[in-house]
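To start, the structure under review is shown below, and the notes come after it.
Within every chain, numbering begins at 1; the chains are lettered A, B, ... in the order of the sequence lines, protein sequences first and strands thereafter. In this text the structure is predicted, and so the values were computed from the model without any measurement.
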Number of protein chains: 2
Amino acid sequence: MHDRLNKNSMAVLKMVRASHSHPTASEVYEAVRQERPQIGLASIYRILHNLVEQNYIKELRHGDDTCRYDAHTARHDHAICTQCGALLDIPIDVALPQDLLEAAAQATGIEFSSHELRLYGRCPTCQGQAVQHKTVE
Amino acid sequence: MHDRLNKNSMAVLKMVRASHSHPTASEVYEAVRQERPQIGLASIYRILHNLVEQNYIKELRHGDDTCRYDAHTARHDHAICTQCGALLDIPIDVALPQDLLEAAAQATGIEFSSHELRLYGRCPTCQGQAVQHKTVE
DNA sequence: AGAAAAATGAGAATGATTATCATTATTAGT
DNA sequence: ACTAATAATGATAATCATTCTCATTTTTCT
Ligand SMILES: [Mn+2]
Ligand SMILES: [Mn+2]
Ligand SMILES: [Zn+2]
Ligand SMILES: [Zn+2]
């Protein structure tokens with residue numbers, strides 16, 4: 001399943017692994033360009049798809065229209081800021097009761113294979129800013 | 001928060017409510033056109049955004065690049081088919097332990113306001129089809 | 001080395017969504 | 001009802017992330 005990676009692919013994988021912020025394709029492009037200035041954006045997309053295919057990384061999508069990549073491949077959950085859209089890792093293992101998951105899967109008829117919990121709320125950065133609707137105009 | 005809705009907005013809201021399949025903007029457009037043939041796609045997008053803003057409906061996004069709308073505004077969970085991408089409602093209330101949710105929120109520092117559980121697996125339709133990788137070529 | 005196969009990157013094409021703007025309804029004041 | 005002001009509409013163009021195409025380059029294999 002895991003093929004050997006060439007230099008471009010290695011550079012992309014390293015960048016995604018080094019980033020702890022679920023980078024977008026164009027963020028990966030800008031970073032990888034530092035090391036491999038000749039690389040093209042089409043290759044970034046192609047390589048990211050290959051890495052997903054080969055289970056080196058995962059693809060994430062939420063509110064905005066760009067998709068993000070995650071080198072953290074173990075099952076884990078995310079928190080999404082309702083104000084700025086930030087996508088944060090939940091750094092602990094949230095052990096949801098297996099029977100609840102199975103009951104939910106059964107209710108839809110899907111062949112359950114994995115799950116993700118998403119929490120919504122204001123992120124720490126946004127909490128530090130003026131509270132919505134409470135500022136004097 | 002809820003303004004009065006005009007005819008176009010009502011037609012859009014009715015369509016989203018009648019559909020049980022999380023329709024896309026262009027699916028809404030095609031359906032609403034039957035009743036209001038002069039409506040433009042720009043109005044569909046504008047109205048859908050207004051309805052989201054006013055909490056009549058919710059916006060959902062997952063794997064593909066189109067966003068989907070849901071008239072079911074009470075908190076609920078979804079199942080996503082790993083083969084065809086179908087987005088299905090989980091028709092039961094999955095009561096996750098509140099302390100787990102709070103611990104997860106605390107771990108990220110977000111001001112917890114809501115959550116969604118996503119299950120991944122093959123949907124009933126896809127299960128009915130040939131099993132992946134087991135077909136003879 | 002030389003042929004065949006695979007990978008690359010520049011640039012065009014695609015497709016969903018958003019912005020613009022002239023026209024058409026709706027509202028409020030008379 | 002009449003009119004001025006305001007808001008909503010829809011056709012069309014613009015945007016932007018992603019995908020496609022294809023000539024060129026790099027790698028693999030003999
Ligand atoms: Mn993550
Ligand atoms: Mn739903
Ligand atoms: Zn935030
Ligand atoms: Zn399916």
Phosphate-side-chain proximity, A/Ser43 and C/dG9, N/O vs OP1/OP2 below 4.0 Å: yes
Whole angstrom is fine here: how far is it from [atom1] in [X] over to [atom2] in [N]?
X: B/Ile47; N: C/dT18; atom1: CD1; atom2: P; value: 14 Å
X: B/Ile39; N: D/dT12; atom1: CD1; atom2: C1'; value: 17 Å
X: B/Asn8; N: D/dG10; atom1: CG; atom2: C1'; value: 10 Å
X: B/Gln38; N: D/dT12; atom1: CD; atom2: P; value: 15 Å
X: A/Arg33; N: C/dT8; atom1: CZ; atom2: C1'; value: 15 Å
X: B/Leu5; N: D/dA7; atom1: CG; atom2: P; value: 17 Å
X: A/Leu48; N: C/dA7; atom1: CG; atom2: C1'; value: 16 Å
X: B/Met10; N: D/dT9; atom1: CE; atom2: C1'; value: 19 Å

Using the ring of B/Tyr29 (Phe, Tyr or Trp, six-membered ring only), decide whether B/Arg33 places NZ or CZ under 6.0 Å from its centre and within 45 degrees of its axis. yes
[X] versus [Y]: any side-chain heavy-atom pair under 4.5 Å?
X: A/Ser114; Y: A/Arg75; answer: yes
X: B/Asp64; Y: B/Arg68; answer: yes
X: A/Phe112; Y: B/Leu119; answer: yes
X: A/Asn50; Y: A/Gln54; answer: yes

Parallel, tilted or perpendicular, as decided by the 30° and 60° cut-offs, for the rings of B/His49 and B/Tyr45: tilted
Would you mind telling me which of A/Lys58, A/Arg17, A/His22 makes a side-chain hydrogen bond (donor to acceptor under 3.5 Å, both in side chains) with A/Asp70? A/His22
Is the backbone of B/Val16 close enough, under 3.5 Å, to the side chain of B/Ser19 for a donor and an acceptor to pair up by distance? no
Give the B/S/- string for nucleotides 15-30 of chain D, one per nucleotide from 5' to 3', where a protein heavy atom under 4.0 Å of the base yields B, of only the sugar-phosphate yields S, and otherwise -. --SBBB----------
Positive for side chain to side chain contact (heavy atoms under 4.5 Å, CB included) with B/His78, one of B/Asp89, B/Leu88, B/Leu117, B/Ile90: B/Asp89
What residues from residues 14-22 of chain A pass a heavy-atom cutoff of under 4.0 Å to DNA chain C? none
Assess the side chains of B/Arg122 and B/Gln127: does a donor N or O sit below 3.5 Å from an acceptor N or O? no
Side-chain H-bond candidate by donor/acceptor type, A/Glu102 with A/Gln98, under 3.5 Å: yes
Rounded to 10°, the angle between the first-five-pair and last-five-pair axes of the helix from C/dA1-D/dT30 to C/dT30-D/dA1 is 30°
Out of D/dA8, C/dG9, D/dG10, whichever nucleotide has its closest atom nearest the side chain of B/Asn6: D/dA8
